[in-house]
Amino acid sequence: MLNIVLFGPPGSGKGTQAAKLVSKYNLVHLSTGDIFRANIKGETELGKLAKNYLDKGQLVPDEVTIGILESEAAKHVDAGGFIFDGFPRTITQAEALDKYLASRNSSITMMLSLDVPEEELRKRLLLRGKDSGRPDDQNPEIIQNRIDIYHRDTAPAKGFYTNQKKYFPINGVGDIEAIFESLCKQINSAQTNS
Ligand code: ADP
C-alpha cells in the first residue's frame, strides 16, 4: 500500500495537491477537515461538537479525531492506499495512525510536508476566505491562532516521521503543477526504493 501523510500548515496547499495525487495514484483521500465540515453542514452530533473548535481555529480533541479517522478508513477495506490530509496533527494522532495501520498489516510510506512562509499563508487564507465561505479563513486572529497551534502542536509530528526516516520536505511556493511534480518525484523514488 502507498500511504501518504500530506502535511503542512493551514493554507499550504494540502487540499489542492491531495486532489491531484488521489487521481494520479488511485488513493483514498481522507481529510479530517473535510469530514468535520461535512458533519457541521449535516448538523450531526459530531458536527455540533466540531463546530466549537473549528470556528475558533482550535484542534478538535484527539480522541474524537482519531475515532472518526479510523471509522472512515475502515470503510475502505480494499483501498490500494490512503492520502491523509490534515491528519495527524499531533504526535498522539501520529502514534494512533501507526497503530491503526499496523492492525491492517500496513504502515505509512512517507510524510510529504509542504513548506510555505507564514506571510504567504496569511495572504492565501484571507484570499480563500473571500469565496470559500469558511468562517475560520475570514478572521486574521483565528488564522493566526491556527498558525500558532500548527507550530506548537502539529509541527512536532515532523520529528516523529524523521525518526522513522519518512519525512520529506517540499517547497510549497510557486506553480501548482511544479509543486505537484516535486511531490510525484518523491513518491516515485520512494516506490522504486521499496
Ligand atoms: P487547514 O489546513 O486549512 O486549517 P483543515 O480543513 O485541514 O484546514 O482543518 C480545518 C479545521 O478542522 C482545523 O483548524 C481544526 O479545527 C479541525 N481539524 C482538522 N483536522 C484535525 C485534526 N487532525 N485534529 C484536530 N482538529 C482537526
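Whatever order the structure lists ligands and atoms in, that order sets their numbers, starting from 1.
Around NZ of Lys166, the count of heavy atoms belonging to other residues, nucleotides or ligands within 6.0 Å exceeds 12. Dense packing is recorded around CG of Asp55, with more than 12 heavy atoms of other residues, nucleotides or ligands lying under 6.0 Å away.
Between Phe7 and Tyr150, the ring planes are tilted. Angles from 30° to 60° get that label.
Side-chain atoms of Ser106 do not come within 3.5 Å of backbone N or O of Ala102 as any donor-acceptor pair.
The existence of a salt bridge linking Arg146 and Asp137 is confirmed by a sub-4.0 Å separation between a basic side-chain nitrogen and an acidic carboxylate oxygen. A salt bridge links Arg122 with Glu118: at least one charged nitrogen is closer than 4.0 Å to a carboxylate oxygen.
Listed by chain and number, Pro10, Gly11, Lys14, Thr32, Gly33, Phe36, Arg37, Leu54, Gln58, Leu59, Val60, Thr65, Gly86, Phe87, Arg89, Gln93, Arg128, Arg134, Arg146 each place a non-hydrogen atom less than 4.0 angstrom from ligand 1.
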